[in-house]
Peer 1: 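Sharing a structure, written as structure tokens. Questions coming.
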Amino acid sequence: MSVPNNSLFLSVLGITHTVNMLILNKTAGVFFKPSRRKIYAFLGSFHFHPGKLFLHKLVLGIETSCDDTAAAVVDEAGNVLGEAVHSQTEVHLKTGGIIPPVAQQLHRENIQRIVQEALSASEVSPSELSAVATTIKPGLALSLGVGLSFSLQLVDQFKKPFIPIHHMEAHALTIRLTNKVEFPFLVLLISGGHCLLALVRGVSDFLLLGKSLDIAPGDMLDKVARRLSLIKHPECSTMSGGKAIEHLAKQGNRLHFDFQPPMQRAKNCDFSFSGLQHVIDKMIMQKEKEEGIEQGQVLSSAADIAAAVQHTVACHIAKRTHRALLFCKQRGFLHQSNAVLVVSGGVASNLYIRKALEIVTNATQCTLLCPPPRLCTDNGVMIAWNGVERLRAGLGILHNTEGIRYEPKLLGKKLFLYHK
Ligand code: KG4
Ligand code: ZN
């Protein structure tokens with residue numbers, strides 16, 4: 001991996017003389033970051049020549065746990081000062097899935113540029129950072145390793161504290177950057193590699209209530225989309241499996257197929273998707289026989305299957321979440337009058353699934369909150385924000401980088417995309 005050197009950051013260091021101020025826009029009632037020109041004009045009116053003055057602590061977040069190289073600078077007040085991301089999806093689509101050494105190589109090729117872009121966009125130099133926060137678990141070992149070794153060289157060079165980040169903690173806390181949400185709240189994380197329900201009691205205080213016993217819902221939707229060969233469907237060729245299913249489902253009739261949600265009698269909050277996936281696979285095989293087509297061609301009933309699959313997945317997720325909400329409310333684990341359910345992860349961008357969860361939260365008098373889609377999927381902002389949260393709470397801030405290791409634990413995520 002190429003080492004960040006001083007010259008790398010010269011351009012960043014060259015961007016100086018800015019004042020990072022927050023001004024309350026009374027008309028809009030929101031905070032915004034004014035342009036540098038406006039700040040100078042404002043300060044100039046007081047005959048004041050600014051040096052650099054940051055009102056808040058600044059954290060650089062770095063994410064390389066799977067197939068996105070992402071970085072962002074976020075300040076203590078939750079302002080995203082700069083961010084950059086390089087997605088590897090296009091390359092992995094060609095090979096039909098993530099090949100870890102390829103992901104590693106792409107992270108290596110891009111991490112320096114992505115970090116530099118995030119810093120440049122934020123007009124912050126490495127020496128002005130309060131800390132560097134980086135995902136160290138869970139994820140693909142080879143991918144995590146790139147982000148970690150880059151970060152450790154950076155913190156050693158600039159003598160900055162290092163904050164190791166748990167990817168799931170970062171997903172769960174993102175909502176506190178976009179909304180005013182107090183602890184405790186219930187979080188549902190649903191993506192290609194994640195599926196869990198947890199009570200979030202504090203920055204690093206999570207009570208796991210349920211998880212998938214096999215694969216994650218996004219992984220299952222990707223597999224079904226691949227089995228349906230949706231890449232060959234003209235409207236779906238560039239979409240992820242889950243997005244393709246959502247798109248086609250709008251044109252289908254879910255009542256043409258009857259799939260049962262899994263684990264209906266299980267008295268816990270766990271999930272399961274692989275049994276359902278096998279039932280769907282069998283159904284697709286049967287339909288191919290009926291329609292007299294080969295595997296690899298798109299069924300005429302693909303939209304109906306997509307609608308039924310999406311409905312069954314939505315029911316399963318909603319039922320397990322309902323159990324968790326009732327459990328938390330009965331035990332007094334959530335605020336009685338203002339219980340909050342936070343849903344995040346790539347699958348949370350599915351509007352049908354959101355609707356199902358809305359029914360559950362309405363029935364239990366809870367508030368449903370989702371970060372905006374770009375913050376639901378993997379990104380550098382959530383890592384930087386987790387760093388801010390830990391910095392404020394004084395948790396897990398390391399001043400000595402010796403012995404820090406990444407902890408992979410295979411996500412089972414997107415190793416095979418639906419395109420092959
Ligand atoms: O959070 P994410 O970008 O990466 C992981 O951490 O996994 O989520 C990607 C997953 C993929 O499995 C993809 O098929 C699924 O999220 N996904 C969707 C939708 N958009 C992406 N699933 C259902 N409906 C969608 N609209
Ligand atoms: Zn993730």
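In each ligand, atom 1 is the first atom listed, and ligand 1 is the first ligand listed. Counting from 1, the numbers follow the sequence of the chain as shown. Quick caveat: nothing in here was measured; it's all calculated off a predicted structure.
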Peer 1: Report the relative orientation of the aromatic rings in His194 and His167; use parallel for angles under 30°, tilted for 30 to 60°, perpendicular for over 60°.
Peer 2: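 His194 and His167: tilted rings.
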Peer 1: Heavy-atom distance to atom 11 (C) of ligand 1: which of Val347, Asp222, Ile245, Val313 wins?
Peer 2: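 The nearest heavy atom belongs to Asp222.
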Peer 1: Just by distance, no angles: are the side chains of Asn350 and Gln310 close enough, under 3.5 Å, to form a donor-acceptor pair?
Peer 2: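 Distance-only check passes for Asn350 and Gln310.
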Peer 1: With the Zn ion (ligand 2) at the centre, find the angle made by NE2 from His194 and OD1 from Asp378, to 10°.
Peer 2: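 Vertex at the Zn ion (ligand 2): approximately 160°.
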Peer 1: Would you kindly say whether Asp378 and His171 are connected by a side-chain donor-acceptor distance under 3.5 Å?
Peer 2: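 Distance-only check passes for Asp378 and His171.
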Peer 1: Counting heavy atoms only, which of Ser240, Cys376, Ser87 comes nearest to atom 13 (C) of ligand 1?
Peer 2: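 Considering heavy atoms of Ser240, Cys376, Ser87, the nearest to atom 13 (C) of ligand 1 sits in Ser240.
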Peer 1: Checking Arg320 against Asn268: is there a side-chain donor and acceptor pair closer than 3.5 Å?
Peer 2: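 Indeed, the side chains of Asn268 and Arg320 share at least one donor-acceptor pair under 3.5 Å.
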Peer 1: So between Gly346, Gly241, Gly139, whose heavy atom ends up nearest atom 2 (P) of ligand 1?
Peer 2: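 Looking at heavy atoms only, Gly346 sits closest to atom 2 (P) of ligand 1.
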Peer 1: Can you list the ligand 1 atoms lying under 4.0 Å from a non-hydrogen atom of Gly193?
Peer 2: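 So the answer, numbered in order with elements, is 7 (O).
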Peer 1: Is the closest N or O pair between Gly345 and ligand 1 shorter than 3.5 Å?
Peer 2: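 The answer is no, given that Gly345 and ligand 1 share no N or O pair closer than 3.5 Å.
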Peer 1: How does Leu221 reach ligand 1, by side chain, by backbone, by both or by neither, if only non-hydrogen atoms under 4.0 Å count?
Peer 2: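 It is the side chain that gets close, since no backbone atom is under 4.0 Å.
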Peer 1: With heavy atoms of Gly218 as the reference, note each atom of ligand 1 found under 4.0 Å away.
Peer 2: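 Matching atoms, with element in brackets: 12 (O).
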Peer 1: Assess the side chains of Glu235 and Gln251: does a donor N or O sit below 3.5 Å from an acceptor N or O?
Peer 2: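 Yes, Gln251 and Glu235 have a side-chain donor paired with an acceptor closer than 3.5 Å.
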Peer 1: Regarding Cys66, does it place an N, O or S atom less than 2.8 Å from the Zn ion (ligand 2)?
Peer 2: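 No - counting backbone and side chain alike, Cys66 has no N, O or S atom under 2.8 Å.
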